[in-house]
Colleague: 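First the structure, then my questions, so here it is.
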Amino acid sequence: KTYMFYESVVEDRGHIEVVEVYDDCSVSKATVVIKDNCHYSYPFVFKHSDCWYMIPESSEANEVRLYKAVCFPYEWKCEAILLKGKYVDTTVFENNGELILLTFIPTPLSEKVEPQAYTLHLDGQESRVEPIEWRSYNALQVRGAGPIIVEKDGVYRPSQINCENSYGEGLSFNKIDISQSEFSENVCCEIFSQNIVTTHKNISGLHTYTRTDKFEAIDIRCREFDLFKVIKYVLKK
């Protein structure tokens, strides 16, 4: 079966939902799986040692929280706090038998981020991280945009292309190199809204990319006039 986890926003508060995706690309009724007083987004799900884990973005709580599936995919329990502080779009992948955790520190009043790389240890009851040096990077084009992609010729990481004050302009795919406790990558290709064929009109941006053997999924931003939202915004002001 294929399940898609995503952020759903209700009254400006994000929580995590899941749907089953069927062969015709239709989906099941959504089920809420993580919701409390914290804003959640970017639910990164991965499997390790026959257990399912999720790291949703919880920067509002100044924590990177690790959840473990009690009953996949609908029931989850917070297993550990991996990092303290504001981190966004945490992504995990396996490299030569080790788990690598990538996360990003946002810059206030800007779309720039500072990337951080760690070795992630999930040993029994103890979960911990050890830092890895991240070499040169573009602060506006390094933020995580989805799971790592493994191909025959290498390992690739999708990242966001942002402007100083504009979010989700496009996606970049970067070939990863990890050696001697250092992390580096090189841009291989980029995708922008004009590259996406869809029935949606007024596409103005892209945010994340993921795929399975059956499906590819990419989220898009569409600009549409909504009088109700305009009125709501004015009343808030």
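Quick note: residue numbers are just sequence positions, from 1.
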Colleague: Measure the CD-CD distance between Glu111 and Glu169 for me, rounded to the nearest 0.5 Å.
Modeller: 9.0 Å

Colleague: For Ser193 versus Gly205, what's the shortest heavy-atom pair and its separation?
Modeller: CB-N, 4.3 Å

Colleague: Got a list of side-chain donor-acceptor pairs under 3.5 Å for residues 206-213, not counting sequence neighbours?
Modeller:
residue	atom	partner	partner atom	Å
His207	ND1	Asp219	OD2	3.1
His207	NE2	Tyr167	OH	2.7
Thr208	OG1	Asp219	OD2	3.2
Tyr209	OH	Glu216	OE2	2.4
Arg211	NH1	Glu151	OE2	3.3
Arg211	NH2	Glu151	OE2	2.8
Thr212	OG1	Lys214	N	3.1
Thr212	OG1	Phe215	N	3.0

Colleague: Give, for atom NE2 of His15 and atom NE2 of His39, the distance between the pair rounded to the nearest 0.5 Å.
Modeller: 11.0 Å

Colleague: Between Ile161 and Glu190, is the side-chain contact (heavy atoms from CB on, under 4.5 Å) condition met? List the steps.
Modeller: CA-CA 9 Å; Ile161 299 174; Glu190 298 174 335; 3.9 Å; yes

Colleague: So do the side chains of Phe173 and Ile149 get within less than 4.5 Å of each other, counting heavy atoms only?
Modeller: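 Yes. Closest side-chain heavy atoms under 4.5 Å.
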
Colleague: Hey, can you pull the donor-acceptor pairs under 3.5 Å for the side chains in residues 44-58, sequence neighbours left out?
Modeller:
residue	atom	partner	partner atom	Å
Glu57	OE1	Asp89	N	3.3
Glu57	OE2	Ser59	OG	3.4
Ser58	OG	Glu63	O	2.8

Colleague: Please determine whether side-chain contact (heavy atoms from CB on, under 4.5 Å) holds for the pair Glu185 and Val142, giving the CA-CA distance in whole Å, both sets of side-chain angles, and the decisive distance to 0.1 Å.
Modeller: CA-CA 10 Å; Glu185 57 187 18; Val142 73; 4.1 Å; yes

Colleague: Would you confirm whether Arg143, through its side chain, and Ser159, through its main-chain N or O, come within 3.5 Å as a donor-acceptor pair?
Modeller: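 No: the side chain of Arg143 does not pair with the backbone of Ser159.
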
Colleague: Hey, could you give me the SG/CD1 distance between Cys188 and Ile176, rounded to the nearest 0.5 Å?
Modeller: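 The CD1 atom of Ile176 is 10.0 Å from SG of Cys188, to the nearest 0.5 Å.
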
Colleague: Measure the spacing between OH of Tyr3 and OG of Ser28 and express it to the nearest 0.5 Å.
Modeller: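 The distance works out to 8.0 Å.
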
Colleague: What distance separates Gln141 CD from Leu171 CG, expressed to the nearest 0.5 Å?
Modeller: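 Output value for this atom pair is 11.0 Å.
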
Colleague: Identify each donor-acceptor pair in which a side-chain atom of residues 113-121 lies under 3.5 Å from a protein atom, sequence neighbours left out, and give them as a table.
Modeller:
residue	atom	partner	partner atom	Å
Glu114	OE2	Gln116	NE2	3.0

Colleague: Between Ser110 and Glu164, what is the shortest heavy-atom contact and its length?
Modeller: OG-OE2, 2.6 Å

Colleague: Once salt bridge (charged side-chain N to carboxylate O under 4.0 Å, His left out) is applied, what residue pairs with a partner in residues 28-44 remain, sequence neighbours excluded?
Modeller: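 Sorted pair list: Asp36-Arg65.
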
Colleague: Would you name the heavy atoms of Cys222 and Ile220 that are closest together and state the gap between them?
Modeller: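 Cys222 and Ile220 have their closest heavy atoms at SG-CD1, 3.9 Å.
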
Colleague: On a heavy-atom basis, which atom in Ser41 and which in Glu7 lie closest, and how many Å separate them?
Modeller: CB-OE1, 3.2 Å

Colleague: Apply side-chain contact (heavy atoms from CB on, under 4.5 Å) to residues Val88 and Tyr42 and explain how you reach the verdict.
Modeller: CA-CA 8 Å; Val88 297; Tyr42 196 85; over 6 Å; no

Colleague: Whether the side chain of Arg221 engages the backbone of Ser204 through a donor-acceptor N/O pair (distance < 3.5 Å, no angle test) should be reported.
Modeller: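 At least one qualifying donor-acceptor pair exists.
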
Colleague: Quick check: are there more than 12 heavy atoms from other residues, nucleotides or ligands sitting under 6.0 Å from CG of Asp226?
Modeller: yes

Colleague: Please step through side-chain contact (heavy atoms from CB on, under 4.5 Å) for the pair Val19 and Tyr6, ending with a clear verdict.
Modeller: CA-CA 9 Å; Val19 293; Tyr6 58 90; 3.7 Å; yes

Colleague: Show me, pair by pair, the donor-acceptor contacts under 3.5 angstrom made by side chains of residues 66-76, not counting sequence neighbours?
Modeller:
residue	atom	partner	partner atom	Å
Tyr67	OH	Tyr40	OH	3.0
Trp76	NE1	Pro73	O	2.8

Colleague: Using a 6.0 Å cut-off, check whether atom NZ of Lys86 has over 12 heavy atoms from anything other than its own residue.
Modeller: yes

Colleague: When you group the ILVMFWY residues by side-chain heavy-atom contacts below 4.5 Å and let the links chain together, are Val21 and Phe5 in the same group?
Modeller: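 No, Phe5 and Val21 fall in different hydrophobic clusters.
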
Colleague: Would you please name every residue forming a side-chain contact (heavy atoms from CB on, under 4.5 Å) with Asp24, sequence neighbours left out?
Modeller: Tyr22, Ser26

Colleague: To the nearest 0.5 angstrom, please state how far the CG atom of Leu122 sits from the CG atom of Leu99.
Modeller: 5.5 Å

